[in-house]
Every structure is written in structure tokens, then in C-alpha cells.
Amino acid sequence: MEKAGLNDKTETITGREALMRALKAEGVTTIFGYPGGSIMPVYDSLYEYTRGEKKAFNHILVRHEQGAVHAAQGFARVSGQVGVAIVTSGPGATNTLTGVADAMLDSTPLVVIAGQVGIGALGTDAFQEVDLVGVAQPISKWSYQIRHADDVAWAVSRAFYIARSGRPGPVVLDFPKNAQEHTCEWTGPAHVNFVRSYVPYPTPKSESIAQAAKLINESKRPLALVGQGVELADAHEELKELIEKADIPVGRTLLGLSALSSRHPLNMGMLGMHGQYALNMKTQEADVIIAIGMRFSDRVTGLPSTYARQAKIIHLDIDKAEIDKCIKTDVAVIGDCKVTLPAITKLLNRNDHTEWKKSFEPYTQMEREQVVEPAIHPTEGPLLMGEVVNVVAEATKGDAVLVTDVGQNQMLSARYFHYNKKRSIVTSGGLGTMGFGMPAAIGATFGAPDRTVCMFCGDGGFQMNIQELGTIMEQQAPVKMIMLNNNYLGNVRQWQDMFWDGHRSFTSMLNPQYELIARAYGIPYAVVVDRKDLAAAVERMLATAGPFLLECAIKEDADVMPMTAPGKSVDEMMLRF
């Protein structure tokens with residue numbers, strides 16, 4: 001039963017007290033938030049639950065509600081837990097919606113709890129009133145208004161169940177002020193593990209498993225495309241068993257980069273617009289493509305009508321809605337890949353695709369000579385983004401968490417960073433949210449406190465949520481911020497140069513003195529202009545306890561290559577512009 005309590009002991013408590021107990025019952029330990037009028041009763045209860053004998057939560061005061069939800073995303077992505085943000089009504093709630101949409105597209109489990117004006121004032125255009133449920137519904141997994149204190153325990157349990165189960169995603173709870181203050185009879189936390197018409201873990205069909213295995217066994221040129229679904233299902237070992245038994249080369253999506261170690265011999269790199277040249281070219285030669293927990297984004301497929309027309313497509317996904325949405329599937333295996341991968345592996349023949357794998361090498365070598373080496377080991381001219389990423393990657397030995405902002409910094413750090421451990425990349429994939437990086441990195445330091453967190457950003461994205469330096473200062477969150485400063489909105493500038501006749505329309509940036517900003521927040525800072533100083537500056541940054549801002553003066557007009565231009569086939573990838 002959805003509303004069943006755990007015991008029969010009855011106690012009269014307020015709705016806000018019920019919220020505290022319900023969150024505690026869900027295993028919540030960290031909350032990111034920002035108080036305000038309509039959520040003040042909840043914050044009064046938080047006062048008790050963050051100190052003294054009742055202490056259950058660590059509350060992180062952010063400097064903007066968008067920062068709260070991105071921090072909750074970063075926390076969730078590295079920890080595997082549900083991220084939690086608490087904000088007030090009106091602008092407080094609407095400020096979270098970019099993060100809610102971001103989490104929806106990137107399948108990140110979140111619960112956002114927002115204050116709301118009292119029930120009696122709803123619909124009167126009361127101060128800081130907004131129809132949050134209506135606004136959030138299209139961009140969340142579930143949105144709900146808790147109108148009565150009696151419903152708090154049930155609503156919270158249901159929210160966490162929906163957020164974390166199946167294909168994860170964000171849930172928004174709208175909590176009117178009177179429901180926070182009114183009383184209810186508390187018999188214990190609810191335990192929701194069933195929602196009518198919601199099937200988070202569909203049972204895989206045995207015939208689909210058999211058909212997939214048959215295609216893979218008969219394949220001469222198989223290629224696996226691995227997405228974040230493997231990370232979300234914690235199916236890393238199951239993935240390795242399948243690809244190693246059948247000897248299948250692997251490409252990884254942006255969000256799936258740490259689903260397989262960078263060092264694995266079957267790892268061929270990153271897919272997509274700025275991915276590895278060999279992967280894009282060989283996609284058009286593969287006879288079977290096994291897509292595992294990925295959604296065939298347009299940034300992976302290029303022109304859909306020309307994508308892998310020669311290949312049989314096997315699509316493993318927990319969400320039936322992804323099947324045939326972008327690319328026509330020959331065999332659909334619906335279910336949790338923690339279950340479907342071993343089921344297929346059991347039916348596979350042990351295989352050897354040495355010649356197929358060797359055919360990648362000429363393309364890989366061409367890219368290394370024309371793109372990779374000039375990007376990471378330049379010998380003259382200004383600093384390049386790729387070489388900065390490479391130095392940090394080498395220094396952290398593949399053990400750090402990479403957090404990125406959006407733009408050129410994102411693509412180059414994703415390409416040249418190293419991933420030895422699972423849940424090692426936090427980036428805004430589907431929505432491409434500039435300003436994501438800094439607050440997400442803060443959240444990551446709380447979600448993985450034993451790991452180094454390196455956040456790469458451009459000068460544009462850094463300023464979009466620059467106020468979160470205050471959160472870093474207060475928490476002494478050990479975020480290693482590497483700002484790749486080219487005085488441009490670099491990705492837009494690149495597209496303007498390539499596709500808009502070089503009209504650099506409003507992409508040049510007049511930037512502040514970041515050293516003074518860092519000093520104002522008490523954050524250690526260094527700037528690198530000459531590459532001879534780079535290694536020492538990175539070493540100093542990593543050796544410094546707590547946060548650090550490393551500003552790197554980057555060549556202004558450097559481009560991210562290789563690239564598949566919009567509207568082009570994946571095998572029309574450019575190595576240079």
C-alpha cells in the first residue's frame with residue numbers, strides 16, 4: 001500500500017517535522033538549499049535537525065537556487081544517491097527549473113522541495129506565488145503539491161521511489177505553508193515501493209535476449225556504444241564480461257565515459273560530434289551496433305538518415321520510450337542492463353575480432369598525428385586547452401572526478417581526461433547548461449569527499465554562477481577550479497567562424513581580474529600564461545588543501561577538433577578547419 005506506515009505508534013507532529021523524519025528515513029544526509037518566506041517553517045525545523053542531539057543533516061547554504069539544484073546533481077552523480085534541494089516559493093522555485101530540466105535530460109535522481117503560499121491564497125497572485133506543479137510537470141518525472149500534513153510521509157517516500165527507481169530523474173514537491181504548520185498523526189515513515197501504472201524495471205523478454213545474442217554471435221564487425229545507463233545500473237562488471245567474451249570494441253557517450261576504464265584495451269574513446277575519428281568512421285562499417293544505456297542523441301548520430309544504415313541495431317535500455325525514438329532498432333532489449341547484459345553474455349560464443357579492431361588503428365593514428373599531439377603537446381605559441389587538461393589528467397593519474405562546465409572546455413576536458421574509476425564525470429549533457437560546473441563540483445565534493453574534484457570551465461561559464469564562490473569559501477569545498485580563459489564564448493565563436501562567415505557577433509568577453517575575485521573570497525589562486533609554468537602550477541593546485549582557482553591564459557581562436565558539423569553524416573568528420 002502506498003500510504004502504509006511502518007508501525008502503529010501514533011504521535012501528533014507538524015508537517016515540517018514530518019518532512020524531517022521522512023527525509024531521515026530515506027537516508028538523506030546532505031541538503032543544498034536557500035531559505036525564504038514560504039519555506040521558513042521547514043527551515044525552523046532544519047535548525048534542530050542540523051545540530052545537537054537531533055542532528056541528521058548537513059545543510060549547505062548556496063548563494064542562488066540554481067546553484068542548489070546543480071550542487072544536488074553533482075552530489076547525486078558521484079554518490080549514486082538522490083540529491084536534495086530545498087528552496088522557497090516563487091522565484092526561489094523557478095530558479096531551480098533549469099537544473100530540474102537538466103536532471104531530466106541526464107537521468108539524475110533529484111528531489112526538489114519548494115515552499116508555497118498557503119492553500120487559501122493559491123490562485124490570488126499572492127506574493128511569490130507560482131504554479132510550480134504546472135510549470136515543473138513537463139520537465140520532471142513527477143511533480144506534486146503536498147496540501148495536507150497527513151500526506152507528507154507518503155509524498156516524500158513516493159518522491160524518492162520515483163526519483164531513484166528505473167530510469168532516474170527529478171521530482172518536484174510543492175509544499176504550501178499551511179501544510180508545513182498543520183499537524184498530523186505520525187505512525188512512522190511511509191514505504192512506497194509501488195506506483196500504479198509505473199513499471200520502473202520491466203522484465204526483459206527471453207526472445208529479445210536470444211535474438212540479440214544471435215546477432216552478436218554472427219557479427220564480424222560488432223561495435224558497442226555505452227552510455228550512462230551502465231553507470232546508473234552499476235553494471236560496470238557486467239559490461240566488461242560481455243565485451244571481453246565477445247571481443248567487442250567500445251565507444252562511450254559523453255555521460256558514459258567512466259562506465260569503462262580509459263585503460264581498457266577494448267575502449268576506443270568517446271562518441272559523437274567531438275569524439276574519436278576512428279569511432280565515427282567505423283560506425284559506418286559495423287555490421288552490428290549494440291547500444292547499451294544510451295539514447296542516440298543527435299550529437300552522437302549526426303544526420304540520422306545516414307547513420308549506420310548497414311548495421312543491425314541492438315538497443316538495450318530500461319526506458320521503452322527510447323526505442324526507435326531516434327534510430328530504428330532491429331532488436332530491442334527492454335530492462336535494467338544489470339540484468340540484460342549477463343543474460344545476453346550467457347548466450348554468447350567466445351570470439352576474437354582482432355582484424356576488426358586493427359582496422360581502427362589507421363584512423364586512430366591519423367587523429368593522433370593531426371589532432372591529438374598538436375593539442376596536448378604543442379611546442380610553441382599560446383597555451384592550448386588540450387595541453388592544460390592533459391597535464392591535470394596526468395597529475396591526477398585517472399583517479400579524480402572530472403566536472404565540466406559547457407562549451408569548448410567541456411569537449412576538450414572530456415576527450416583528454418582519464419577515467420579509472422566509475423562515476424568519474426559530471427557534466428551537463430542533454431541540456432548543455434552553462435554555469436553548471438561550479439555548483440555541480442561543490443556537490444561532488446560532498447558526494448565523494450575522498451576524491452579529488454577537478455572542475456574545468458571557460459571564462460563565460462565561470463561567471464554564470466560565480467556567486468557560488470561564496471559557498472566554496474564558507475564550506476572550504478576542495479574544488480580545484482581550472483579556468484580556461486580565452487576571452488571569448490569559445491564554442492559560439494568557433495561556430496561563428498565555421499558556419500557564420502566569421503561574424504563574431506557578441507562573443508568577445510571583457511573579463512574582470514579573477515585574481516582579485518579569488519582574493520576577495522579567500523581562495524588560493526595562480527595564473528599560467530607560459531607553458532613552462534603549467535606543471536608546477538598544477539602541482540601546487542593539487543597539493544593545496546581546500547579550494548584553488550587556476551586561471552590559464554588560452555589561445556583565443558583555438559578550435560575543438562575533430563568535429564562532425566551539424567547536419568552531416570558521422571563519417572564526414574573534419575580533422576581540421
Spatial distance of atom CG (Asp287) from atom CG (Leu223) [nearest 0.5 Å]: 10.0 Å
Separation between CE of Met411 and CE of Met273, rounded to the nearest 0.5 Å: 9.0 Å
Sub-4.5 Å side-chain heavy-atom contact between Thr30 and Val84: no
Minimal non-hydrogen separation, Asp234 against Lys338, with atom names: O-NZ, 2.8 Å
Distance (rounded to the nearest 0.5 Å) between His274 NE2 and Asn280 CG: 11.0 Å
Exam field: side chain Thr427 to backbone Gly429, donor-acceptor pair closer than 3.5 Å: no
Polar side-chain atom of His418 near backbone of Ser262 as donor-acceptor pair, under 3.5 Å: no
Main-chain N/O of Lys397 paired to Asn420 side chain as donor or acceptor, under 3.5 Å: yes
Verdict with reasoning, Glu468 to Arg63, per salt bridge (charged side-chain N to carboxylate O under 4.0 Å, His left out): CA-CA 6 Å; Glu468 297 309 324; Arg63 298 307 189 259; over 6 Å; no
Distance flag, aromatic centroids of Phe446 and Phe75, threshold under 6.0 Å: no
Under 3.5 Å side-chain donor-acceptor pair for Gln408 and Asn491: no
Sub-6.0 Å ring centroid separation between Phe296 and His315: yes
Leu550 vs Lys480 side-chain heavy atoms within contact, under 4.5 Å: no
Contact list for residues 379-393, test salt bridge (Lys or Arg N to Asp or Glu O under 4.0 Å), sequence neighbours left out: Glu387-Arg531
Residues Arg221 and Glu355 bridged, charged N to O under 4.0 Å: no
Cationic N near anionic O, under 4.0 Å, Glu285 to Lys220: no
Side-chain heavy-atom pair Met574, Thr564 within 4.5 angstrom cut-off: no
Nearest-0.5 Å distance that lies between atom CG in Leu316 and atom CD1 in Ile292: 6.0 Å
Glu515/Arg519 salt bridge by N-O under 4.0 Å criterion: yes
Ser428 backbone acceptor or donor facing Gln410 side chain under 3.5 Å: yes
Check: Glu65 side chain, Thr96 main-chain N or O, donor-acceptor pair, under 3.5 Å: no
Any side-chain heavy-atom pair of Trp356 and Pro222 under 4.5 Å: yes
Pairwise side-chain contact, Met434 with Asp405, heavy-atom cut-off 4.5 Å (strictly under): yes
Glu369 versus Gln365, side-chain donor and acceptor atoms under 3.5 Å: yes
Pair Ser505, Gln496: side-chain N/O donor-acceptor within cut-off below 3.5 Å: no
Whether Arg77 side chain and Arg423 backbone form a donor-acceptor pair below 3.5 Å: no
Point-to-point distance, once rounded to the nearest 0.5 Å, from CG of Leu266 to CD1 of Ile243: 5.0 Å
Beyond-backbone contact of Leu257 with Thr253, side-chain heavy atoms, under 4.5 angstrom: no
Sidechain N-carboxylate O distance under 4.0 Å for Lys282, Asp571: no
Note, Val570 side chain near Gln284 side chain (heavy atom, < 4.5 Å): yes
Donor-acceptor pair, side chain of Arg451 and main chain of Ala444, under 3.5 angstrom: no
Short side-chain donor-acceptor distance under 3.5 Å, Glu394 and Tyr416: no
Side-chain (Glu231) to main-chain (Gly256) donor-acceptor, under 3.5 angstrom: no
Full working for side chain to side chain donor-acceptor pair (under 3.5 Å) between Glu474 and Tyr521: CA-CA 9 Å; Glu474 181 172 350; Tyr521 285 100; over 6 Å; no
Ring-face cation contact, Tyr488 with Arg504, 6.0 Å cut, 45° max: yes
Gap separating the CG atom of Leu341 from the CD atom of Glu238, nearest 0.5 angstrom: 7.0 Å
Greater than 12 external heavy atoms within 6.0 Å of Lys357's NZ: yes
Sequence-distant partners of Pro524, side chain to side chain contact (heavy atoms under 4.5 Å, CB included), two or more places apart: Thr544, Phe548
Non-hydrogen atoms of His70 and Asn465 that approach each other most closely: CD2-ND2, 4.1 Å
Selection residues 288-311 - residue pairs positive for side chain to side chain donor-acceptor pair (under 3.5 Å), sequence neighbours left out: Thr306-Ser569
Donor-acceptor under 3.5 Å (Asp559 side chain, Gln494 main chain): no
Thr108 side chain to Asp106 side chain, donor-acceptor N/O pair below 3.5 angstrom: no
Main-chain N/O of Gln370 paired to Arg576 side chain as donor or acceptor, under 3.5 Å: no
Check: Leu402 and Tyr419 side chains under 4.5 Å, non-hydrogen atoms: yes
Ile554: which of Val388, Asp459, Asn409, Leu384 passes side-chain contact (heavy atoms from CB on, under 4.5 Å): Val388
